[in-house]
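Data block below; observations after.
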Amino acid sequence: MFRGLDEAVKEIRKADSIRLVSHLDADGISAASIALSALTRAGKKIHLSIKRQITPEVIEDLKQEETDLFLFMDLGSGYMELLEDLKKSCKSGLIVCDHHIPSKEEVPGIIHINPVLEGKNEDEVSGAGVTYFLAERLDPRNRDLIFLAIVGAIGDIQDENWKMGGINREIVEKAIASGAAEKERGIRLFGRMNRPVHKALEYSTNPYIPGISGDESAAIQFLSSLGIELKKEGSWKSLNDLSEEEMKKLATAIICERIRESEASPEEIFGEIYSININGDRLDAREMATSLNACGRMEQSSVGILSVLGVRPFDNINGIVAGYRKMITKYIKWVKESGPKETEHAFYINSGDQIHENFIGTITSICEKSSILDSGKVIFGLAETEDGKVKVSARAPKEIVGRGLNLKDMMGEVAGDEGHGGGHAAAAGAFIPTGKEKEFIDSCEKYLKNKLK
Ligand code: C5P
Ligand code: ZN
């Protein structure tokens, strides 16, 4: 497997106390769950924090701590210069388990485990996947944690069209062979365990169901016309509650609608569904990823971690997920009402303190993928942070990325050195000083005009 695993295992065996730092998304929380479980098993003293980002402030805080070993998960590779600074100031060991594109390959004293360093793609394994391989190398008993590597990959949307590739494929096959997960083929609808079927149809954008996606009453009508009851014993039926017969009827009808509206590849509505057994409950890996993401954004990662590790009932998460959905609805309403600034190439959602920094990325993504802003343009979300800066989230449609725009490069340039911009071509972020929003927007406009002329 990856370079650095054996060396990292040696460091872990030597250490008594280990300081874990992981990323505040479903992948990061999955990685943290793996590490927490594996290192507790190994009898280590653990201290874990979940962070939005590695920043100079985070590094300054870590410098004050005493530990034998730092372990960074699903973050760090993009900020090797900052980790180098931390490493220089302490005697502790330092391991990074990440899959983001490294800003620097080798740093003396840092064990850097990242498949990108071995010519792999950052999308073929998640931070949780990399952390899993370390846990497995440490102790074969940790193989029971492999399902979290599937959840992490799904959280990072590495299963394009609901099929995993590359190293993730090997992980899925291993998980199935060991009985840790089951795989079946089914209709690619989100929320098969928890969401009412008509809602799953309404929210489905991939596969797109002409006339039904985005229209709740059309979805209800569609199911009624197929003779599929919406409720069973007074409560909404989820996709999982449908009989085999109903499922077949539904699949055929969706394909027919797609043929009628000449959708490309109308029959491509099936995908792989991974289910995982936790304390006798069968859970969908996709829903686990959604739930962990919600826990992170609501700053309740610990509930997520304890639930996926089976220490607390998984149902405990439902209230957090409901709260998360409410926040999203509230913020989207605010975006619509406030009317973001629109220019030739972009929208700017300059939210001040109206949208929490944990949500600005998600809200910007939703606006880019939906018709809320009637977009097709680059979207920037700006939100004030608790430590007195402004967080920027940028998202670009595929078509614009195809014309040569790379948001990672753009954020790096526009936000400047202290802006710590980074990310990917289609999704990136940065921090800017409060009060510099207008200057930032002007610089973005100049950059976009030049790039997209
Ligand atoms: O925070 P947001 O969801 O907008 O981030 C989009 C992507 O950009 C993520 O992959 C995140 O890790 C990355 N990012 C970064 N540096 C920042 C902000 C975001 O690398 N300062
Ligand atoms: Zn990740």
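One-based numbering, in listed order, for ligands and for the atoms of each. Excluded from the calculations below are hydrogen atoms, water molecules and symmetry mates; all remaining heavy atoms, backbone and side chain alike, are included. No experiment lies behind these values; they were computed from the predicted model shown.
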Counting only heavy atoms, tell me which of G28, G422, G381 gets closest to atom 15 (C) of ligand 1.
G422

K391 heavy atoms within 4.0 Å reach ligand 1 at atoms 1 (O), 2 (P), 4 (O)

Hey, which atoms in ligand 1 end up nearer than 4.0 Å to a heavy atom of H424?
10 (O)

Pair D387, T385: side-chain N/O donor-acceptor within cut-off below 3.5 Å
yes

Contact between A430 and ligand 1, counting heavy atoms under 4.0 Å?
yes

Look up atom 11 (C) of ligand 1 and tell me if a protein heavy atom lies less than 4.0 Å from it?
no

Suppose we measure from atom 4 (O) of ligand 1 to each protein heavy atom; which comes out shortest, and what is that distance?
S393 OG, 2.5 Å

Using a heavy-atom cut-off of under 4.0 Å, does the side chain or the backbone of K408 touch ligand 1, or both, or neither?
neither

Ligand 1 to G423 polar contact by distance, N or O atoms, under 3.5 Å:
yes

Could you tell me, atom by atom, which parts of ligand 1 come under 4.0 Å of a heavy atom of Y79?
15 (C), 16 (N), 17 (C), 20 (O), 21 (N)

Looking only at non-hydrogen atoms, the one of E122, R52, R395, H100 nearest atom 2 (P) of ligand 1 is R395

Hey, could you give me the CG/OG distance between D27 and S22, rounded to the nearest 0.5 Å?
7.5 Å

Is the shortest side-chain N to carboxylate O distance from K453 to E344 below 4.0 Å?
no

K377 atom NZ, neighbour heavy-atom count above 12 within 6.0 Å
yes

Sidechain N-carboxylate O distance under 4.0 Å for E272, R169:
yes

Modelled atom types, side-chain donor and acceptor of Q53 and Y79, under 3.5 Å:
yes

Per-atom contacts of ligand 1 with F431, taking only distances under 4.0 Å to non-hydrogen atoms
21 (N)

Where ligand 1 meets A427 - atom numbers and elements under 4.0 angstrom, heavy-atom basis
7 (C), 8 (O)

I'd like to know whether CZ of R403 has more than 12 heavy-atom contacts from other residues, nucleotides or ligands below 6.0 angstrom.
yes

Who pairs with D85 by side chain to side chain contact (heavy atoms under 4.5 Å, CB included), at least two apart in sequence or on another chain?
I59, E60, K63

Please identify each residue that fulfils ring-ring contact (aromatic ring centres under 6.0 Å, His included) with H424, with sequence neighbours left out.
H100

For atom 21 (N) of ligand 1, what is the nearest protein heavy atom, given as residue, atom name and distance?
H420 O, 2.7 Å

So, K446 and D442, do they make that salt bridge, N to O below 4.0 Å?
no

Please list all pairs meeting side-chain hydrogen bond (donor to acceptor under 3.5 Å, both in side chains) that have one or both residues in residues 134-149, counting only residues at least two apart or in different chains.
D6-R137, R41-N142, R41-D144, Y132-E136, E136-R143, E136-K174, D139-R141

For the Zn ion (ligand 2), protein N, O or S atoms at a distance below 2.8 Å amount to 4

Pairing of K87 and E84 as salt bridge, 4.0 angstrom limit
no

